[in-house]
K.L.:
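Below is one structure. I have some questions about it.
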Amino acid sequence: MLKNKKWYKKALAILEITLGVFLLDLGFFFFYTPANLVTGGGMGIALIVNEAFGIPSSIFMYAFNIITLFLGLFLIGKGFFLKTIYASLLSPTLLLVLEKTCNPDFFYNNITEGKLIICALCGAVLAALGLGLCFRNNGCTGGMDVIQKILCKYFHMPLSKTMYLTDWIVVIIGGFGFKGAFSYNIEHVVYGVIAVILTGYIVDNISMNAKSRRTAYIITTKPDLVKEMIFKEIERGVTLVDCKGGYTGDDKTLVICTLDKDESYKLADFIKEIDNNAFTFMSTTREVVGYYGDSEIK
């Protein structure tokens, strides 16, 4: 039973990563490419290379991802390589299929006004949804993500800073014109930066808030009744901690319970019925993984 559950979770994770990569490619192909919006990452470099040398984005992404994959293998380790290889090869493959079967201007030509802002917003939302699905399953799309991981490991930089640093460098370079006379398109750079910021915000909320919960801290003189109520009514585990009132010096118990947001409202009502003098406060827990007491946090 447990083995089947593990296989189910692995299959679900692979499915979500596949969907995430597909959404990422859709945003790039149908919105960033026709608008020539460089928004950082390996795909941003692919747009620059395509404009400068005419190399299809999918072909460049194959080469770029394979090179960075082996960099990750030697500089980060085999475990990272194995986790990254699937999405790294899937992304350019799906992109190649889109290039062979679809017209990238399909949506772009039907936008009458505000083409750049609409492409920046739609592309950012699709890319962020895709990246969020990958990150919440510990997946990595390869390419620039590998470079960012290497910077984190060897230069001790926070991942958020490496992401913005590498993306903004690519966006700034993308503002240069690579055909004809020298030019710099500041409008495209501004919209590229907006897309990068929006993508980062949505990714953070998808990959982190998807696992967020509430943690209740209940200081009570009736811990057994509170504990039994949580077991019976909320069906969650608890942790009991002995504590003492700072003013009264009375011995009390701190009951800690992590639960879903909707369950926190029911808990507050139940506590009032059991111990009206209990001191209760709740906090938002950004991420919960694993087992808590007898209940699995899913």
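Scope of the values below: all heavy atoms of this structure, side chains included, with no hydrogens, waters or symmetry mates. Position 1 is the first residue of the sequence, and the numbers go up from there.
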K.L.:
How far apart are the closest heavy atoms of Ala216 and Leu267, and which atoms are they?
P.N.:
CB-CD2, 3.5 Å
K.L.:
Quick one: sort the Phe107 and Phe30 rings into parallel, tilted or perpendicular, breaks at 30° and 60°.
P.N.:
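If you compare the ring of Phe107 with that of Phe30, the planes turn out perpendicular.
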K.L.:
Could you tell me the separation between the CD1 atom of Ile117 and the SG atom of Cys122, rounded to the nearest 0.5 Å?
P.N.:
9.5 Å
K.L.:
Say you draw a straight line from CD1 of Ile118 to OG1 of Thr112; how long is it, rounded to the nearest 0.5 Å?
P.N.:
7.0 Å
K.L.:
Do you reckon Val97 sits in the same ILVMFWY cluster as Leu19, going by side-chain contacts under 4.5 Å, direct or chained?
P.N.:
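No: no chain of side-chain contacts under 4.5 Å links Val97 to Leu19.
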K.L.:
If we only count heavy atoms from C-beta on, is the Asn50 to Phe60 side-chain gap below 4.5 Å?
P.N.:
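Sidechains of Phe60 and Asn50: no contact.
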K.L.:
Within the 4.5 Å heavy-atom criterion, are Tyr184 and Ile172 side-chain neighbours or not?
P.N.:
yes
K.L.:
How about OH on Tyr154, more than 12 heavy atoms from neighbouring residues, nucleotides or ligands closer than 6.0 Å, or not?
P.N.:
yes
K.L.:
Quick one: pull up CD1 in Ile256 and OG1 in Thr215 and give me the separation to the nearest 0.5 Å.
P.N.:
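Answer rounded to 0.5 Å: 8.5 Å.
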K.L.:
Dump the intermediate steps for side-chain contact (heavy atoms from CB on, under 4.5 Å) on Asp242 and Thr253, then the final yes or no.
P.N.:
CA-CA 5 Å; Asp242 292 332; Thr253 302; 4.3 Å; yes
K.L.:
Relative to each other, are the rings of Tyr217 and Phe281 parallel, tilted or perpendicular (30° and 60° limits)?
P.N.:
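Ring orientation, 0 to 90° scale: parallel.
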K.L.:
Are any of the side-chain heavy atoms of Lys100 and Ser58 separated by less than 4.5 Å?
P.N.:
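No, side chains not in contact.
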K.L.:
Side chains of Thr93 and Tyr62: is there a donor and an acceptor less than 3.5 Å apart?
P.N.:
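Distance-only check passes for Thr93 and Tyr62.
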K.L.:
Do the side chains of Val171 and Ile186 join up, straight or via other hydrophobic residues, at under 4.5 Å, putting them in one cluster?
P.N.:
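As far as the 4.5 Å side-chain criterion goes, Ile186 and Val171 are connected within one cluster.
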K.L.:
With a 4.5 Å heavy-atom cut-off, do Thr39 and Phe28 have their side chains touching?
P.N.:
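No, their side chains stay 4.5 Å or more apart.
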K.L.:
Could you measure the distance from the CG atom of Leu121 to the CG atom of Leu116? Nearest 0.5 Å is fine.
P.N.:
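These two atoms lie 10.5 Å from each other.
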K.L.:
Could you pull out the closest heavy-atom pair between Cys257 and Arg236, with the gap in Å?
P.N.:
SG-CB, 3.7 Å
K.L.:
Is there a side-chain contact (heavy atoms from CB on, under 4.5 Å) between Ile48 and Val38 once you walk through the steps?
P.N.:
CA-CA 7 Å; Ile48 297 172; Val38 177; 4.0 Å; yes
K.L.:
Quick one: does Thr221's side chain get under 4.5 Å of Asn277's, heavy atoms only?
P.N.:
no
K.L.:
Where do Asp25 and Leu90 come nearest, in terms of heavy atoms and distance?
P.N.:
OD2-O, 4.5 Å
K.L.:
Would you say Val170 and Met144 make side-chain contact, with heavy atoms under 4.5 Å?
P.N.:
yes
K.L.:
Give the minimum heavy-atom separation between Phe231 and Gly237, together with the two atoms involved.
P.N.:
CE2-CA, 4.1 Å
K.L.:
Are Phe29 and Ile55 connected into the same hydrophobic cluster when the rule is that any two of I, L, V, M, F, W, Y join if their side-chain heavy atoms are below 4.5 Å apart?
P.N.:
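Yes; tracing contacts between hydrophobic side chains, which count when under 4.5 Å, links both residues.
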K.L.:
In Å and rounded to the nearest 0.5 Å, what is the CG to CD1 distance from Leu254 to Ile219?
P.N.:
5.5 Å
K.L.:
Quick check: closest heavy atoms across Met43 and Met61, and the distance to 0.1 Å?
P.N.:
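Here Met43 and Met61 meet closest at N-SD, 3.8 Å.
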K.L.:
Kindly determine whether Thr199 and Asp167 satisfy side-chain contact (heavy atoms from CB on, under 4.5 Å), including the steps that lead there.
P.N.:
CA-CA 11 Å; Thr199 299; Asp167 285 344; over 6 Å; no
K.L.:
Is the backbone N or O of Leu47 less than 3.5 Å from a side-chain atom of Tyr32, with the two atoms forming a donor-acceptor pair by type?
P.N.:
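Pair absent, no side-chain N/O of Tyr32 close to backbone of Leu47.
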K.L.:
Would you confirm whether Asn110, through its side chain, and Phe106, through its main-chain N or O, come within 3.5 Å as a donor-acceptor pair?
P.N.:
yes
K.L.:
Side-chain heavy atoms under 4.5 angstrom apart, residues restricted to Ile, Leu, Val, Met, Phe, Trp, Tyr: same cluster for Trp168 and Ile150?
P.N.:
yes
K.L.:
Please check if Val193 and Tyr191 belong to a single hydrophobic cluster, counting links between Ile, Leu, Val, Met, Phe, Trp and Tyr side chain heavy atoms closer than 4.5 Å.
P.N.:
yes
K.L.:
Just do the side-chain contact (heavy atoms from CB on, under 4.5 Å) check on Ile218 and Val238 with the steps written out, would you?
P.N.:
CA-CA 11 Å; Ile218 309 153; Val238 301; over 6 Å; no
K.L.:
So, for Ser88 and Pro92, which heavy atoms are closest and what is the spacing to 0.1 Å?
P.N.:
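Scanning both residues, the minimum pair turns out to be O-CD, 2.9 Å.
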K.L.:
Rounded to the nearest 0.5 Å, what's the gap from CZ on Phe270 to CE on Met229? Could you check?
P.N.:
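Here the interatomic distance stands at 7.0 Å.
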K.L.:
Find out whether Cys134 and Leu24 are in side-chain contact, i.e. whether some heavy atom of one side chain is under 4.5 Å from a heavy atom of the other.
P.N.:
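A side-chain contact under 4.5 Å is absent here.
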K.L.:
Side-chain contact test, heavy atoms from C-beta onward, threshold under 4.5 Å: evaluate it for Leu98 versus Leu26 and give yes or no.
P.N.:
yes
